[in-house]
Amino acid sequence: MDLVIPDKTHDESRQGEALMLEPKDGKNNGRKLYIESYGCAMNFSDSEIVASILSDKGFETTGDYSNADVIFINTCSIRENAEQRVRNRLKEFTVAKVKNPGLVVGVLGCMAERLKSKFLEEEKLVDVVVGPDAYRDLPGLIDKVDDGQKAVNVLLSREETYADINPVRLNSNGINAFVSIMRGCDNMCSFCVVPFTRGRERSREPQSIVKECTDLFNQGYREVTLLGQNVDSYKWQAEGGGQKSEVGSQESEVDGVVVNFANLLEMVALIHPDLRVRFSTSHPKDITDEVLYTIAKYENICNYIHLPVQSGNSRILELMNRTYDREWYINRVDAIRRIIPGCAISTDVITGFCTETDEEHQDTLSMMDYVQYDFAYMFMYSERPGTLAAKRYADDIPEAVKSSRLKEVVAKQQQYSYLRLQQQIGKVQKVLIEGFSKKSDKDYCGRNDHNAMVVFPVGENYKPGQYVNVLVERTTTATLIGTVIE
Ligand code: SAH
Ligand code: SF4
Ligand code: F3S
């Protein structure tokens, strides 16, 4: 089975990946857990934490919900249609509950946090509602349901980072892994529900991150993606205890020393030159030249930056509370181009935000012409209850206008994505082999530094998990095709 999904870090449309794990002893031994994840990479990463917590209590997972004792759905609230998808899926679970009245159905993640106990009133099928910071409580909450009660824990925390929990790597190709470096978000972009569903921003202790990445490398993994809503504001300050930290190549006491994102990137890059490092998401207001110089310095930190612009117009950016304007964003793009020549840049765009005029929409298109993004995720604005925008501004752009603007943005991006691929023809690129290509087991596929998928013939001298140099000969609309240079 091909488990490679393009840029898993950011595709909120993903759905329905079930997790498999081995049983352990415990009073729940043999009980079957089915867990399905929606939303961003943080949610997928959290499901691996949930699987770890429950595996310690004896649960084993199943990929088939019809024979499960516990069904968990890890949910996303980012747009209206993300929530609708979850509600539709819950309806399908009703059949399983009718067949097995002892079945426990739980809602985890962002929608659980947003709707809290209202979920229990709205969806009679649901027994447990658990927010993203309360997963350690899951075994106790399941006990409560077993005793015939409904159970809710949606407390947000200022400290929880699950730093000590060793995620169970599930549905994994054994090569790429996500590593969560921080949780929550303090930014309050006016359109965004995340600060309400994930709580305050907090950074995870750096040594636990380095240890997790080192363990992954030792198990054969060759690529880690460091995850946070705004990785550039990663910040850790040790208090007492005299822990040691290797920042740069020098070992130093970290008491009172601040580890920022550039330092952390360097610490992870130094684990091994064969461990590729990616990260997501960078915030245009916070990405520093220090981070860019660190990326440039280490060959194994990928030259790929996801830098969501949202809009190319300064008035709209202000209404969005993004805290940068068009000029600032262009300045950051110019800095990337100067410090890391040839670095790939991708983005997120929202069309039809409150009061956006046609001219302001043109500014988004002209920004796309300026940057010539390698890749973009593009969305129509979807008003989310409780956000600043919902409170302050009318959602006044008709759906038809939002949609026609989105079409223009998508059409432009298709041109640039294709152009960026075309520019690789004739170049030799280092590719980390991830497995067989989707279409044929005569071909391997893997990603280049820029995160583009490269397909090339299988050979005797190389296999998944290894790096090869590939001469790019041609492209399809989304893939590079080439041959290995021995
Ligand atoms: N922390 C990341 C974004 C996380 S959400 C950042 O700041 O870039 C992923 C993307 O979903 C956002 O970048 C935005 O483009 C989109 N998004 C968020 N809220 C939205 C909404 N209410 N309507 C439409 N798109 C939204
Ligand atoms: Fe949402 Fe903005 Fe935080 Fe990203 S930075 S998660 S868009 S509030
Ligand atoms: Fe992610 Fe969706 Fe929550 S994008 S943080 S799962 S609202």
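Scope of the values below: all heavy atoms of this structure, side chains included, with no hydrogens, waters or symmetry mates. Numbering of ligands and ligand atoms starts at 1, following listing order.
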For ligand 3, which atoms sit closer than 4.0 Å to a heavy atom of [X]?
| X | result |
| --- | --- |
| Q229 | 5 (S) |
| C76 | 2 (Fe), 4 (S), 6 (S), 7 (S) |
| S77 | 2 (Fe), 7 (S) |
| C110 | 3 (Fe), 5 (S), 6 (S), 7 (S) |
| N43 | 6 (S) |

Could you tell me whether [X] approaches ligand 1 through its side chain, its backbone, both or neither, with non-hydrogen atoms closer than 4.0 Å?
| X | answer |
| --- | --- |
| R198 | neither |
| F191 | both |
| R79 | side chain |

Show which atoms of ligand 1 fall inside a sub-4.0 Å distance from at least one heavy-atom site of [X].
| X | value |
| --- | --- |
| R384 | 22 (N) |
| M380 | 23 (N), 24 (C) |
| Q310 | 8 (O), 12 (C), 13 (O), 14 (C), 15 (O) |
| P308 | 8 (O) |

**Study point:** Side chain, backbone, both or neither: N230 near ligand 2, heavy atoms under 4.0 Å
**Key:**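 None of N230 does.
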
Check your understanding: Hey, is P308 touching ligand 2 through its side chain, its backbone, both or neither, going by heavy atoms under 4.0 Å?
Key ->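 Within the 4.0 Å criterion, P308 makes no contact with ligand 2.
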
Check whether NZ of the Lys or CZ of the Arg [X] lies under 6.0 Å from the centre of the six-membered ring of [Y] and within 45 degrees of that ring's axis.
| X | Y | answer |
| --- | --- | --- |
| R79 | F379 | yes |
| R136 | Y162 | no |
| R87 | F119 | yes |

**Study point:** Salt-bridge present (K118, E121; N to O < 4.0 Å)
**Key:**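 No.
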
Practice item. Decide whether an N or O pair under 3.5 Å exists between H283 and ligand 1. Key: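 For ligand 1, there is no N or O atom that lies under 3.5 Å from one belonging to H283.
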
Review point. With a cut-off of 4.0 Å, which atoms of ligand 2 are near a heavy atom of R322?
Key: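 In order of numbering, the contacting atoms are 2 (Fe), 7 (S).
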
Please list the nearest protein heavy atom to [atom] with its residue and the distance rounded to 0.1 Å.
| atom | answer |
| --- | --- |
| atom 1 (Fe) of ligand 2 | C192 SG, 2.3 Å |
| atom 3 (Fe) of ligand 2 | C185 SG, 2.2 Å |
| atom 5 (S) of ligand 2 | N187 ND2, 3.3 Å |
| atom 2 (Fe) of ligand 2 | C189 SG, 2.3 Å |

Under 4.0 angstrom from ligand 1, any heavy atom of [X]?
| X | answer |
| --- | --- |
| V194 | no |
| N230 | no |
| H306 | no |

Review point. Quick one: does R198 get within less than 4.0 Å of ligand 3, heavy atoms only?
Key: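 It does, in that a heavy atom of R198 comes within the 4.0 Å cut-off of ligand 3.
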
Exercise for review: Test V105 against K97 for side chain to side chain contact (heavy atoms under 4.5 Å, CB included), laying out the working first.
Suggested key: CA-CA 8 Å; V105 177; K97 184 100 168 177; 4.2 Å; yes

Practice item. Determine whether the side chain, the backbone, both or neither of C40 has a heavy atom under 4.0 Å from any heavy atom of ligand 3. Key: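 For C40, the contact with ligand 3 is made by both the backbone and the side chain.
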
